[in-house]
Enquirer: 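Sharing a structure here in structure tokens format.
Remember, it's a predicted structure, so these values are computed and weren't measured experimentally.
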Amino acid sequence: MSHLIHIELDRLEGSLMRVMGLVERRGFHIDAAELYDLGEKRGLSLTVRPRDPSRNTDTLGLQIDRLYGVTRLDADPRTGGKAATAKAKHEIGA
């Protein structure tokens, strides 16, 4: 079963790689990723799928929250939040 995670990233060197690496190291497949502009920050929407039933997306979320420069969001900010109008959008299919 796939899960969608919305993340806000500071524009720091290596921030995107830290998130992607953590997700894979914690036992999840990244099925799709979308990176978009949020002004001073950038947004990342990840569709993840656990490699086995023992993997928990709630635990993954807590681990993402601990990364420097990363904020996990409850919903897509482009659909009605402060950053509803994203300027640039790039999709990466995995």
Side-chain angles (χ1 to χ4, degrees):
M1 178 171 188
S2 294
H3 301 274
L4 184 60
I5 301 172
H6 300 287
I7 301 167
E8 183 179 85
L9 300 164
D10 288 339
R11 291 186 179 274
L12 300 171
E13 188 174 312
S15 61
L16 179 60
M17 294 303 294
R18 280 194 296 278
V19 172
M20 303 289 263
L22 175 99
V23 170
E24 290 202 332
R25 284 190 308 275
R26 297 301 183 228
F28 288 83
H29 296 287
I30 299 172
D31 291 335
E34 182 181 3
L35 188 63
Y36 46 90
D37 186 33
L38 294 175
E40 291 186 17
K41 297 188 180 235
R42 57 187 166 173
L44 174 66
S45 292
L46 291 177
T47 303
V48 299
R49 180 174 36 93
R51 285 192 199 132
D52 59 67
S54 70
R55 306 297 175 172
N56 184 328
T57 53
D58 292 332
T59 303
L60 175 64
L62 294 173
Q63 292 166 338
I64 290 171
D65 288 342
R66 284 188 240 150
L67 288 175
Y68 179 74
V70 173
T71 306
R72 189 170 41 115
L73 304 174
D74 291 333
D76 189 339
R78 298 169 295 167
T79 60
K82 61 180 169 49
T85 57
K87 295 176 185 155
K89 181 165 72 171
H90 307 281
E91 285 195 31
I92 304 167

Enquirer: What pairs with Thr71 under side chain to side chain contact (heavy atoms under 4.5 Å, CB included), at least two apart in sequence or on another chain?
Expert: Glu8, Leu73

Enquirer: Please name the pair of heavy atoms, one in Pro50 and one in Arg55, separated by the smallest distance, quoted to 0.1 Å.
Expert: CB-CB, 3.6 Å

Enquirer: With sequence neighbours excluded, tell me which residues meet salt bridge (Lys or Arg N to Asp or Glu O under 4.0 Å) with Arg51.
Expert: none

Enquirer: Just so I know, are the side chains of Phe28 and Ile30 near enough to count as touching, which here means a heavy-atom distance under 4.5 Å?
Expert: no

Enquirer: Please set out all donor-acceptor pairs under 3.5 angstrom arising from side-chain atoms of residues 56-69, sequence neighbours excluded.
Expert:
residue : atom : partner : partner atom : Å
Asn56   : OD1  : Asp58   : N            : 2.7
Gln63   : OE1  : Arg26   : NE           : 3.4
Asp65   : OD1  : Arg72   : NE           : 3.1
Asp65   : OD2  : Arg72   : NH2          : 2.7

Enquirer: Which heavy-atom pair separates Gly43 from Leu35 by the least distance, and what is that distance?
Expert: O-CD1, 3.2 Å

Enquirer: Would you say the side chain of Leu46 lies within less than 4.5 Å of the side chain of Met20, judging by non-hydrogen atoms?
Expert: yes

Enquirer: Between atom NZ of Lys41 and atom CZ of Arg11, what is the distance when rounded to the nearest 0.5 Å?
Expert: 10.5 Å

Enquirer: By the definition side chain to side chain contact (heavy atoms under 4.5 Å, CB included), identify the one residue from Val48, Val23, Val19 that meets it with Ile5.
Expert: Val48

Enquirer: Please enumerate all residues that pass side chain to side chain donor-acceptor pair (under 3.5 Å) together with Ser15, with sequence neighbours excluded.
Expert: Arg42

